[in-house]
Amino acid sequence: MQIDVNLKAPFSYSWIPIVVLLIVLLLPFIYLLLKKLGVFNLKKNNILNFTAKDINSIKYKYLNKLNDLDKSLNDKKITSRKAYQELSMLIRLFVYELTGLEVQSCTLKDIKKLNIPVLYELIKEYYDPEFSKISKGNIKSSIEKTKEVISRWN
């Protein structure tokens with residue numbers, strides 16, 4: 001029996017699978033880095049461009065809704081608590097329509113972070129009557145404050 005002790009050449013690999021494997025392993029890290037840098041940020045700008053006519057028509061729309069809310073309250077079609085809930089949603093929708101900021105489902109803490117003090121103060125005023133067991137609050141005063149905020153909004 002003959003034994004061969006000559007060394008054979010090592011098995012050579014193609015570089016293509018190694019490069020592909022490295023790319024596949026690095027892709028998630030590259031994606032996360034680009035996402036963090038905002039490359040994939042597809043959100044619209046929060047600042048919307050309106051003409052004065054557009055702003056006035058939006059104000060008019062929400063002032064009419066507040067008048068309807070006041071009428072429903074006077075006619076005793078809704079309770080004070082329900083009026084506060086609708087008031088909260090109306091001002092939130094008004095802000096959304098003018099700014100594009102989605103504040104409809106924001107908490108009071110979230111609204112404070114937005115740095116819109118007038119919205120924060122109104123929502124803060126609505127919170128207690130809206131969520132307490134016994135709804136205590138001056139709904140008429142709150143409606144008038146909301147009308148004033150909408151009227152003066154720039």
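Everything numeric here is computed off the predicted structure, so don't read it as measured data.
- Both Leu73 and Met89 are part of a single hydrophobic cluster, where members link through side-chain heavy atoms under 4.5 Å apart.
- There is a path of hydrophobic side-chain contacts, each under 4.5 Å, that joins Val103 to Leu108.
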Query raised in the report: Stepwise, does the side-chain contact (heavy atoms from CB on, under 4.5 Å) test hold for Asn67 with Asn64?
Result: CA-CA 5 Å; Asn67 288 334; Asn64 280 339; 4.2 Å; yes
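- The number of heavy-atom neighbours closer than 6.0 Å to CD of Gln104, taken from other residues, nucleotides and ligands shown, is above 12.
- Between Val149 and Leu122 the shortest side-chain heavy-atom distance falls below 4.5 Å.
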Query raised in the report: What's the verdict on salt bridge (Lys or Arg N to Asp or Glu O under 4.0 Å) for Glu130 and Arg81, showing C-alpha distance, side-chain angles and the deciding distance?
Result: CA-CA 5 Å; Glu130 189 177 356; Arg81 180 186 308 271; over 6 Å; no
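- Distance CD1/Ile143 to CG/Leu69: 4.5 Å, rounded to 0.5 Å.
- Annotation: the span from Asp110 atom CG to Ser105 atom OG amounts to 8.0 Å, rounded to 0.5 Å.
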Report task. For side chain to side chain donor-acceptor pair (under 3.5 Å), just list the numbers for Tyr62 and Glu97, CA-CA rounded to whole Å, side-chain angles, deciding distance to a tenth of an Å, and then say yes or no. Result -> CA-CA 10 Å; Tyr62 282 94; Glu97 204 165 323; 2.8 Å; yes
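- Between atom CG of residue Leu27 and atom CG of residue Leu32 there is a gap of 11.0 Å, rounded to the nearest 0.5 Å.
- Within a 6.0 Å sphere centred on NZ of Lys147, other residues, nucleotides and ligands contribute more than 12 heavy atoms.
- Side-chain contact between Leu101 and Ile116 is present, with heavy atoms from C-beta onward closer than 4.5 Å.
- At least one side-chain heavy atom of Ile58 sits less than 4.5 Å from a side-chain heavy atom of Phe94.
- Of the possible polar contacts, one joining the Arg92 side chain to the Cys106 backbone as a donor-acceptor pair under 3.5 Å is found.
- The backbone N or O of Gln85 sits nowhere less than 3.5 Å from a side-chain atom of Ser88 that would complete a donor-acceptor pair.
- Under the 3.5 Å distance criterion, with hydrogens and angles disregarded, no donor-acceptor pair is assigned to the side chains of Asp75 and Ser72.
- Side-chain contact check for Tyr126 and Ser142: no donor-acceptor pair (N or O, by modelled atom type) lies under 3.5 Å.
- Between Leu114 and Val95 there is no side-chain heavy-atom pair separated by less than 4.5 Å.
- Heavy atoms from other residues, nucleotides or ligands lying under 6.0 Å from NZ of Lys124 number 12 at most.
- Atom CD of Glu86 is separated from atom CG of Leu93 by 11.0 Å, given to the nearest 0.5 angstrom.
- Both Val118 and Leu90 are assigned to one and the same hydrophobic cluster, defined by single-linkage of ILVMFWY side chains at heavy-atom distances under 4.5 Å.
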Query raised in the report: Passes side-chain contact (heavy atoms from CB on, under 4.5 Å), Tyr84 versus Thr79? Steps please.
Result: CA-CA 9 Å; Tyr84 271 108; Thr79 64; over 6 Å; no
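- Cluster annotation: Ile91 and Ile55 are assigned to the same hydrophobic cluster (Ile/Leu/Val/Met/Phe/Trp/Tyr, side-chain heavy-atom contacts under 4.5 Å, transitive).
- Here NZ of Lys59 is found 9.5 Å from CD1 of Ile150. Values are rounded to the nearest 0.5 Å.
- Tyr31 and Leu25 fall into different hydrophobic clusters, defined by Ile, Leu, Val, Met, Phe, Trp and Tyr side-chain heavy atoms under 4.5 Å apart, directly or through other members.
- Annotation: Ile16, atom CD1; neighbour count of heavy atoms from other residues, nucleotides and ligands within 6.0 Å does not exceed 12.
- The residues Arg152 and Glu148 are annotated as salt-bridged, a charged nitrogen and a carboxylate oxygen being separated by less than 4.0 angstrom.
- Summarising the geometry, atom CD belonging to Glu121 is positioned 9.0 Å from atom NZ belonging to Lys112; distances are rounded to the nearest 0.5 Å.
- Between Thr99 and Trp153 the shortest side-chain heavy-atom distance falls below 4.5 Å.
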